[in-house]
Amino acid sequence: MSSSINELETRLSGLKKLTGQLQADTRLLSTSLDEHSANDPLIESAKQLKVPMLMPLTIGTLLASALGEVESVENALKSIRHK
């Protein structure tokens, strides 16, 4: 069980870093993103963390999706720890 906790904690850390980067991005939330872009580090991070890419893909939709993933992982960790 500790390996799954470690994996979740690692994913949570990455997701929180990504959400921080998205919130700090100076582009408008409505800025369109290309999920096939190899040049955008936000897209690459999101792909590595398996964040769902909602369409239309924008800074805002990617942020919303990442925040949803943060909540899901936090809930999973709470559930595992209370068993």
Side-chain angles (χ1 to χ4, degrees):
M1 183 181 335
S2 65
S3 68
S4 61
I5 290 175
N6 289 340
E7 289 171 9
L8 286 171
E9 287 174 339
T10 299
R11 182 158 193 258
L12 181 60
S13 175
L15 287 165
K16 285 184 174 183
K17 181 179 177 188
L18 176 61
T19 59
Q21 291 171 325
L22 286 162
Q23 289 170 333
D25 197 293
T26 57
R27 295 176 283 184
L28 297 174
L29 291 177
S30 61
T31 301
S32 182
L33 298 173
D34 178 7
E35 72 176 298
H36 303 293
S37 173
N39 300 327
D40 193 329
L42 295 174
I43 297 294
E44 289 305 307
S45 292
K47 284 180 179 178
Q48 289 176 357
L49 292 164
K50 296 182 173 74
V51 174
M53 305 270 184
L54 306 175
M55 294 299 160
L57 185 59
T58 65
I59 297 283
T61 59
L62 187 56
L63 175 59
S65 190
L67 287 170
E69 291 295 303
V70 166
E71 185 176 1
S72 293
V73 173
E74 286 175 338
N75 288 337
L77 282 168
K78 285 178 192 174
S79 176
I80 289 171
R81 289 181 177 141
H82 288 149
K83 286 186 177 181

Do [X] side-chain atoms and [Y] backbone N/O form a donor-acceptor pair below 3.5 Å?
X     : Y     : value
Ser65 : Thr61 : no
Ser79 : Asn75 : no
Ser72 : Gly68 : yes

Within 6.0 Å of NZ in Lys47, more than 12 heavy atoms from elsewhere: yes
Atom CD of Glu71 with >12 non-hydrogen neighbours under 6.0 angstrom: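 It does not: Glu71 CD has 12 such atoms or fewer within range.
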Residues that Asp40 engages under side chain to side chain donor-acceptor pair (under 3.5 Å), provided they are two or more places apart: none
With heavy-atom distances below 4.5 Å as the criterion, would you say the side chains of [X] and [Y] are in contact?
X     : Y     : value
Leu63 : Asp25 : no
Ile59 : Leu28 : no
Leu42 : Leu33 : no
Thr58 : Leu29 : no

Between OG1 on residue Thr19 and CG on residue Leu62, distance to nearest 0.5 Å: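 Result: 10.0 Å between the selected atoms.
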Point-to-point distance, once rounded to the nearest 0.5 Å, from CG of Leu22 to CZ of Arg27: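 Between atom CG of Leu22 and atom CZ of Arg27 there are 8.5 Å.
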side-chain contact (heavy atoms from CB on, under 4.5 Å) partners of Glu74, counting only residues at least two apart: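 If we apply the side-chain contact (heavy atoms from CB on, under 4.5 Å) test to Glu74, skipping adjacent residues, the hits are Leu12, Lys16, Val70.
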Transitive ILVMFWY side-chain link Ile80 to Val73, under 4.5 Å: yes
Hydrophobic cluster identity match, Leu54 and Leu49, side-chain contacts under 4.5 Å: no
Ile43/Asp34 under side-chain contact (heavy atoms from CB on, under 4.5 Å): CA gap, chis, key distance, verdict: CA-CA 8 Å; Ile43 297 294; Asp34 178 7; over 6 Å; no
Heavy-atom pair with the smallest gap, counting every atom of Glu44 and Ser37: OE2-O, 3.4 Å
Electrostatic pair Glu69-Arg11, nearest N-O below 4.0 angstrom: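 Arg11 and Glu69: salt-bridged.
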